[in-house]
Amino acid sequence: MTASAVTPGITDKVMIEMKGVHKWYGQFHVLKDINLTVQQGERIVLCGPSGSGKSTTIRCINRLEEHQQGQIIVDGTELTSNVKHIEAIRREVGMVFQHFNLFPHLTVLENCVLAPIWVRKMPRREAEALGMKYLERVKIPDQAKKYPGQLSGGQQQRVAIARSLCMQPKIMLFDEPTSALDPEMVKEVLDTMVSLAEDGMTMLCVTHEMGFAKQVANRVIFMDRGEIIEQNDPQTFFNHPQNERTKLFLSQII
Ligand code: ADP
Ligand code: MG
């Protein structure tokens, strides 16, 4: 049964397809036969112990890392060394990292308009209007003229999300977006992610926030030692984990 048959907001359109993907860092076999299909509107949480290959998996999807075997197809375009394909895919895929990776010498709004102006060739005025729209979306339009260093961690992460949204991506990848934040700032970032999910964004999120997974995900995937061990809807995943490794992981984090 496809996800769209059971969960509203999910269509049959395949946005990400990973087929038999393997990757090595030198001799180290980091991804072992990853098979993953993400449909439009899906909200997937990817979890697993540190070092299990979660970051590598999502970094392969926009070619921040290169896979050596298997296929990765994003919205119908296969990731190969063809630069045009890589650029096309990067235009569609937004990514938010643990460390916000904002440009410290640029204002919040400048951070947001950079890619629309230089990559999309958008006129500055239009890009700024778009930037303000997404800063409003993440509820910090009043911070537009400040520099990242003048903002709290939670605000900086919301700027990073707004900056990604300015490229109007079809897919958002999150790599532990709240892990570097002080606890009191986690909620404001998760709330932003929840609202993106409610708008139907296709999301693949690496996170340890299991409350978020329960609230938002339609599917939770557990990775260990470079393999997908288990995946299920959150209810089944948390209440009836099948694999011993999943059970151990859940017993340690919940
Ligand atoms: P996770 O995000 O699940 O913590 P990663 O995908 O970051 O895991 O890393 C998986 C494994 O690959 C880890 O053992 C890590 O040390 C190793 N690794 C990650 N990046 C590199 C790299 N650039 N070169 C060599 N090994 C790496
Ligand atoms: Mg990681």
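Counting starts at 1 for both ligands and their atoms, in listed order. All residue numbers refer to positions in the sequence shown, counting from 1.
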Atoms in ligand 1 flagged as close to [X], the criterion being non-hydrogen separation under 4.0 Å:
X	result
T56	5 (P), 6 (O), 9 (O)
P49	3 (O)
S50	4 (O)
S52	1 (P), 3 (O), 8 (O)
V30	10 (C), 11 (C), 12 (O)

contact_flag G226 ligand 1 heavy-atom lt 4.0 Å: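 Heavy atoms of G226 never come under 4.0 Å of ligand 1.
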Under a heavy-atom criterion of less than 4.0 Å, does G48 contact ligand 1?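 Checking ligand 1 against G48, which is what was asked, there is no heavy-atom contact under 4.0 Å.
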Identify the closest protein heavy atom to [atom]: which residue and atom is it, and at what distance?
atom	result
atom 8 (O) of ligand 1	G53 N, 3.2 Å
atom 7 (O) of ligand 1	S55 CB, 3.7 Å
atom 4 (O) of ligand 1	G51 N, 2.7 Å

Are I72 and L204 connected into the same hydrophobic cluster when the rule is that any two of I, L, V, M, F, W, Y join if their side-chain heavy atoms are below 4.5 Å apart?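 Hydrophobic grouping puts L204 with I72.
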For a quick check under 3.5 Å, do [X] and [Y] share a side-chain donor-acceptor pair by atom type?
X	Y	value
T107	E110	no
T202	Q40	no
T56	Y25	yes
R137	T192	no
H22	H29	yes
S52	D224	no

Has K32 got more than 12 heavy atoms of other residues, nucleotides or ligands less than 6.0 Å from its NZ?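 Counting other residues, nucleotides and ligands, NZ of K32 exceeds 12 neighbours.
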Sub-4.5 Å side-chain heavy-atom contact between T246 and F237: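 The answer is yes; the side chains approach within 4.5 Å.
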So, do T57 and K54 sit near enough that their side-chain heavy atoms are less than 4.5 Å apart?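 No - every pair of side-chain heavy atoms lies 4.5 Å or more apart.
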Tell me whether K54 has any N or O atom under 3.5 angstrom from an N or O of ligand 1.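 Yes, K54 has an N/O under 3.5 Å of an N/O on ligand 1.
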State which residues pass salt bridge (charged side-chain N to carboxylate O under 4.0 Å, His left out) with E184; sequence neighbours excluded, sorted by chain then number.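 For E184, no residue satisfies salt bridge (charged side-chain N to carboxylate O under 4.0 Å, His left out) once neighbours in sequence are set aside.
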If you measure from atom 18 (N) of ligand 1 to every heavy atom of F28, Y25, W24, which option wins on shortest distance?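 Heavy atom nearest to atom 18 (N) of ligand 1 belongs to Y25.
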Anything protein N/O/S under 2.8 Å from the Mg ion (ligand 2)? Just list residue and atom, please.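 Listed by chain and number, the atoms are S55 OG.
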Give a yes or no on whether atom 16 (O) of ligand 1 lies under 4.0 Å from any heavy atom of the protein.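 False for atom 16 (O) of ligand 1.
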What orientation do H105 and F103 show, parallel under 30°, tilted 30 to 60°, or perpendicular over 60°?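 Perpendicular: the ring planes of H105 and F103 meet at over 60°.
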